[in-house]
Amino acid sequence: MSLDQAAYLELLARGAAAEAYDRPVLLARAHGADAESLAAVEHAKQLALRVRAELEGRRRREAELSALFETAHDLAGLRDLDAVLRAIVQRARSLLGTEVAYLSLNDPVAGDTYMRVTEGSVSARFQQVRLGMGEGLGGLVAQTARPYVTDSYFDDARFEHTGPIDAAVRDEGLVAILGVPLTLGSQVIGVLFAADRRARVFEREQVALLASFAAHAAVAIDTANLLAETRSALSELERAHAIIQEHSGVIERASEVHDRLTELVLRGGGVDDVAAALSEVLDGTVEFTEHGPQLTAADGRAGRRGDDWVAEVSAGGEVFGALVLRGHPDLAPVDQRTLERAAMVTSLLLLARRSAHDAEQRVRGELLDDLLDAPDRDPRLLRERAARLRADLDLPHVVLAARIDGHPDTGSAAGPESAARESADRQRLWSAASHLAATRSGLAAARDGGTVLLLPLGPDDTPASLARQTARQLAGTLRESVTVGASSPVASPAGDPAPISGAYDQARRCLDALRLLGRSGQGAAAEDLGFLGLLLADPGDIDGFVHRTIGEVVAYDRRRGTDLVGTLDAYFASGMSPARTKDDLHVHVNTVAQRLERIGRLLGPDWQTPARALEIQLALRLYGMSSAVAPRE
């Protein structure tokens, strides 16, 4: 080995600069080396420079690969897309040593490419630029999926220049630009750029390096996108799971409500029990009102009224009331359905209660009808039927006849509307009387245009007091005047039902007497009516008494079509004053005198004496009663 070769090896070993390799040649010339020696030294120099370049290239590639792997490793550790994009641009600028690096992504919806991240940029216009497919250097790279490099952007005619893009590049001051595609398979998702503000030649190794880095970057972007999608999917799954849990809770609550309401119905619970259970389930206060707020919807849906929720309780077009959830303005749909379901259950309970009540009323009425119409019934069977109704027919009872004031005993000749009203009033009277009888352990039935009751006589009761009490209670329930007549006590209706029918007749006569005496709306027994009461209590000779006392006057009216009975009644009502009588009858006083003279000839000259006048007035009252029989001819 010559000294010159050793010198170049020493330069290679210590990594000397390229200028240092000229020194051995200069020394050889200085020492007067011949041409052959100088040629040998020059050859050694060229070999050494080639070796140095190869070593330098290897070191550079090693450094680039190391940086590439390091960058790929760093990118793989990133999870946020924005962080990944910033890291890509920063590493690209660092690897190629350029002044600016930037990245654009394709927008499949808009059909263009937009600037996503920049590093080293100073122009706001440049940072916001959008490229149409095929426009500018970036648009060309995005369209062809191939790297493109230009040493001088504005002098390059290989791509389409547009005013907005050139203006943005000019604002940034870029000259040399290298762009490589970001690809996933055959799809271009964007472009990665490295650029300088001066003319520069990008070597093939640098293009390949940026392309390799772009491949890693594309995978990192895809990974970040997949992670974002995964996070979004997980978030959706979490929300779905929460919804499922919520719905599961809702279903459990609905099932619980269904079970509780079913249990209430099966064990015979009432409306208050439903309201209490619903209050607990809905965490509020639920009340049943018989006159709830009118709902706008007629489809059974719950509706909001201020801070309250209202569900109508109805069946078959009849509204019973409403369930009201107080002070609960926010109500979930499932809780609304729960309120509606509870309203339905409440309507069923009310219908069942009404059906049971109506059935019991009918049974009570049937038993009383049997006592009135079939007194020969087996006492044992009567007692059993009464016991099922919680009635004791071995106790003393009183028969009461009740009628709403203004209604006749039987049907009237009034029109259809009046007849319908009377029928409805009789139904209401029977319903109220049946309820009263049930609370007093008695019986009630609709009969003869009114209602008959059979009530037990308490230790402190009298027929009269029981009649007055019954009249007050029925009037209070119906909000109408009700007249009640009572019979004498019946010792044991079950042991001997025969007196029941006679007691009913007595109660009806007492009722008629009260109305004729102007005492409608009251309750009384025969004992309250004095001498008239004695006749009502034992009506065996009422017809004979009426016939003996005023029979001649009644017969004369029938034969002649006159109204001497009416004149006689008006005469006594006016205090036996002819002047006042003519005013009441709207006739001349001479007409009154003529009628009174005719009455005197029919009744005898003593008809105005106090004793005869009392008998005549009593006979007029009895004759006016609907139970009085027409006098014999």
Side-chain angles (χ1 to χ4, degrees), residues 361-362 364-366 368-369 371-373 397-415 417-440 442-455 463-488 490 500-529 532-533 535-537 539 542 621-629:
Q361 287 181 343
R362 286 193 297 272
R364 290 180 184 276
E366 291 170 358
L368 183 52
D369 285 336
L371 290 172
L372 289 167
D373 300 332
H397 280 66
V398 173
V399 178
L400 302 117
R403 193 177 299 116
I404 295 177
D405 287 347
H407 290 183
D409 292 350
T410 58
S412 66
E417 293 184 0
S418 178
R421 180 179 59 82
E422 291 178 6
S423 177
D425 286 346
R426 289 168 183 163
Q427 179 67 25
R428 291 169 53 233
L429 177 61
W430 170 74
S431 180
S434 297
H435 178 72
L436 175 62
T439 60
R440 294 289 302 269
L443 306 176
R447 202 173 185 88
D448 299 321
T451 299
V452 56
L453 298 93
L454 181 65
L455 299 181
S465 66
L466 196 57
R468 288 190 291 271
Q469 183 181 10
T470 301
R472 286 195 302 271
Q473 290 178 337
L474 293 178
T477 300
L478 299 174
R479 300 289 191 271
E480 291 196 54
S481 178
V482 178
T483 305
V484 177
S487 72
S488 300
V490 178
I500 296 292
S501 178
Y504 172 56
D505 291 337
Q506 182 184 1
R508 286 189 63 202
R509 287 192 298 272
C510 185
L511 170 65
D512 292 334
L514 285 172
R515 299 175 70 184
L516 288 170
L517 292 173
R519 295 174 59 180
S520 295
Q522 299 182 19
E527 62 193 52
D528 294 324
L529 304 180
L532 179 60
L535 291 175
L536 293 174
I542 287 180
R621 293 290 185 183
L622 292 174
Y623 177 73
M625 293 174 57
S626 60
S627 60
V629 180

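Of all the heavy atoms in L478 and A432, the pair that sits closest is CD2-CB, 3.9 Å. Minimum interatomic distance between Q506 and S488 (heavy atoms only, all atoms of both residues): NE2-OG, 3.1 Å. V484 approaches L511 most closely through the heavy-atom pair N-CD1, 4.1 Å. Residue A445 comes nearest to D369 through the heavy atom pair CB-OD1, 3.7 Å, listed as atom of the first residue, atom of the second, then distance. Listed here is the closest heavy atom pair of A437 and A444: CB-CB, 3.9 Å. Closest heavy-atom contact between G485 and A507: O-CB, 3.4 Å.
Atom OG of residue S423 and atom CD of residue Q427 lie 7.0 Å apart, to the nearest 0.5 angstrom. In this structure, the separation between OH on Y504 and CG on L400 is 11.5 Å, given to the nearest 0.5 Å. In this structure, CG in L453 is found 9.0 Å from CG in L466, a value given to the nearest 0.5 Å. Considering CG of L454 and CG of L368, their distance stands at 6.0 Å, rounded to 0.5 Å. Within the model, atoms CZ of R508 and CZ of R403 stand 6.5 Å from one another, a figure rounded to the nearest 0.5 Å.
A heavy-atom distance below 4.5 Å is found between the side chains of R447 and D373. When side chains are defined from C-beta on, L443 counts as touching L371, because their heavy atoms get closer than 4.5 Å. Side-chain contact between Q473 and T439 is absent, with no heavy-atom pair separated by less than 4.5 Å. Proximity of R519 to T483: side-chain heavy atoms (C-beta onward) are nowhere separated by under 4.5 Å. Using a 4.5 Å cut-off on side-chain heavy atoms (C-beta onward), I500 and L372 make contact.
Ion pairing between R515 and D405 fails under the 4.0 Å rule for side-chain N and carboxylate O. Checked for salt-bridge contact, D425 and R428 meet the test: a charged N lies under 4.0 Å from a carboxylate O.
Judged purely by atom type and a 3.5 angstrom limit, S434 uses its side chain to pair as donor or acceptor with the backbone of W430. Judged purely by atom type and a 3.5 angstrom limit, S487 uses its side chain to pair as donor or acceptor with the backbone of V399.
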